[in-house]
Amino acid sequence: MLEIKNLHASLEEEDKAILKGVDLTVEAGKVHAIMGPNGSGKSTLSYVLSGKDGYEVTDGTATLEGEDILDMEPEERAAAGLFLAFQYPVEIPGVGNMTFLRTAVNAQRKARGEEEMSATEFLKVVRARARTLNIDAEMLKRPVNVGFSGGEKKRNEILQMAMLEPKMCILDETDSGLDVDAMKLVADGVNALRAEGRGFLVITHYQRLLDHIKPDVVHIMADGRIVKSGGPELALEVENNGYADILAEVA
């Protein structure tokens, strides 16, 4: 589904190479997790894939279902089925949550040549999916993420993901700042979206999230590359021993 080959990217302002040859394939229906020490390039990978400004791709390719996404604008990548849940979701004062969600859903449906969702249909679907994430009617009426706690912001992003139904979901340290209960709620929302036609790339520092979102494959990233891949036991190895042994092994 998502295929990345020899991807190199740098920070435009500093002309500093961050990604130094990433190779990764995420299959439909699979959950891949990326772990690694600070500064290894994990978040940069998510930003480059989603089309965030400030990064320059200097080599390599990234395709989603065979389509080159690196030449697309961010909104085109979203319409193609790519979704990024941010580590720090942004606030959008003055824009109601419901208005934002319905506009986003219908913009993507229109881009795919599908019929827009009516107000009645949208209301029925969003309320049902919000209930599963403990998002009440008041949260839906408030401006996007304004005054939300960290856990509420993350749950709101998972609601966005549930409404947009992307093909490829990238979660950038979505467990950051969450207590155990909030993390379990977010993980339950993610697990409810697991499907044969959808892939996940979960970027995290900690095994604890992977106790709830069971990955099929775990990758270790260091110095802008994926240096080791394995099953869920690889995350447990990191939890117990840190990265030093793995980095020494691949040096």
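Hydrogens, waters and symmetry mates are skipped; everything else that's a heavy atom, side chains included, is used.
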Checklist entry - What pair of heavy atoms forms the shortest contact from Thr25 to Glu3, and how long is it? => result OG1-CG, 3.8 Å

Checklist entry - Taking side chain as C-beta onward, heavy atoms only, is Asp23 less than 4.5 Å from Ile4? => result no

Next on the checklist: Taking CD in Glu233 as the centre, count heavy atoms belonging to other residues, nucleotides or ligands within less than 6.0 Å. Is the count above 12?
Outcome noted: yes

Checklist entry - So which heavy atom on Val105 is nearest to which on Met117, and how close? => result CG1-CE, 4.4 Å

Next on the checklist: Below 30° counts as parallel, above 60° as perpendicular, anything between as tilted: where do the rings of His32 and His219 land?
Outcome noted: parallel

Checklist outcome for this item: Correct closest heavy-atom pair for Tyr55 and Leu11 would be CE2-CD2, 3.5 Å

Item to check | Contacts of type salt bridge (Lys or Arg N to Asp or Glu O under 4.0 Å), residue Glu165, not counting sequence neighbours | outcome: Arg129

Next on the checklist: For Asp211 and Gln207, which I'm curious about, is there any donor-acceptor pair between the side chains at under 3.5 Å?
Outcome noted: yes

Next on the checklist: Holding to salt bridge (Lys or Arg N to Asp or Glu O under 4.0 Å), I want the full list of residues that pass it with Lys30, two or more places apart in sequence or in another chain.
Outcome noted: none

Checklist entry - Where do Leu209 and Met183 come nearest, in terms of heavy atoms and distance? => result CD1-CG, 3.8 Å

Next on the checklist: Which residues pass the side chain to side chain donor-acceptor pair (under 3.5 Å) test with Asp223, not counting sequence neighbours?
Outcome noted: Lys20

Checklist entry - Taking the side chain as C-beta and beyond, is there a heavy-atom pair between Leu19 and Val22 under 4.5 Å? => result yes

